[in-house]
J.: 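Encoded as structure tokens, here's the structure I'll be asking about.
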Amino acid sequence: MLAYLFFNQGIDEIGATKAASFINLVPFITVFLSVFVLKEPAGLAQWVGAVVIISGVMLSNRVKTDKAAIPPELPIR
């Protein structure tokens, strides 16, 4: 429940569009805490899923550059 409170605070800070992808971290945080706090075993599938989740969040939040806004390089004389 605390995670959803922080998520709502995040929406206020960075906006709903950008914050929406971070809700996907809930399963990762759940597995992480169950392994390190509750000493539950985690198999290969859980760790592969964690990598997929983190990769997806990183890809969806990367800064996109507008190639049209970057001036072309001038030839060196």
Side-chain angles (χ1 to χ4, degrees):
M1 185 157 136
L2 194 58
Y4 293 106
L5 177 68
F6 289 139
F7 178 70
N8 287 331
Q9 185 178 1
I11 290 174
D12 288 338
E13 293 291 322
I14 63 174
T17 304
K18 195 160 196 155
S21 66
F22 286 98
I23 199 71
N24 295 319
L25 290 175
V26 171
F28 168 75
I29 294 168
T30 303
V31 170
F32 182 81
L33 290 175
S34 71
V35 169
F36 292 106
V37 173
L38 301 175
K39 307 298 185 208
E40 294 281 334
L44 180 62
Q46 285 81 16
W47 295 117
V48 169
V51 169
V52 169
I53 289 170
I54 292 172
S55 299
V57 171
M58 288 175 63
L59 282 172
S60 65
N61 285 299
R62 68 181 176 182
V63 177
K64 296 176 183 157
T65 58
D66 185 14
K67 293 189 186 229
I70 300 172
E73 292 183 28
L74 298 173
I76 299 173
R77 292 186 178 184

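Just so you know, residue 1 is the first one in the sequence shown, and it goes up from there.
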J.: Going by side-chain contact (heavy atoms from CB on, under 4.5 Å), name the residues that satisfy it together with Ile11, two or more places apart in sequence or in a different chain.
T.: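 So Ile11 forms a side-chain contact (heavy atoms from CB on, under 4.5 Å) with Phe7, Asn8, Ala16, Ala19.
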J.: Quick check: is Leu25 connected to Phe36 through a chain of hydrophobic side chains (ILVMFWY, heavy atoms under 4.5 Å apart)?
T.: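 Linked within one cluster.
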J.: How many angstroms lie between CD1 in Ile54 and CG in Leu59, if you round to the nearest 0.5 Å?
T.: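 These two atoms lie 12.0 Å from each other.
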J.: Among Ile23, Asn24, Ile29, exactly one meets side chain to side chain contact (heavy atoms under 4.5 Å, CB included) together with Val26. Which residue is that?
T.: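 Filter result, single survivor: Ile23.
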J.: Should Val37 and Phe32 be regarded as members of a common hydrophobic cluster, given that ILVMFWY residues are connected when their side-chain heavy atoms come within less than 4.5 Å of each other, either directly or indirectly?
T.: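 Shared cluster, yes.
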J.: Find out if a path of hydrophobic residues (ILVMFWY) with successive side-chain heavy-atom gaps under 4.5 Å connects Phe6 to Val57.
T.: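 Result: no, two separate clusters.
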J.: Would you say Leu44 ends up clustered with Val35 if hydrophobic residues are merged whenever their side chains have heavy atoms under 4.5 Å apart, either directly or through other cluster members?
T.: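 No, separate clusters.
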J.: Would you say the side chain of Leu38 lies within less than 4.5 Å of the side chain of Leu33, judging by non-hydrogen atoms?
T.: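 No, too far: nothing below the 4.5 Å cut-off.
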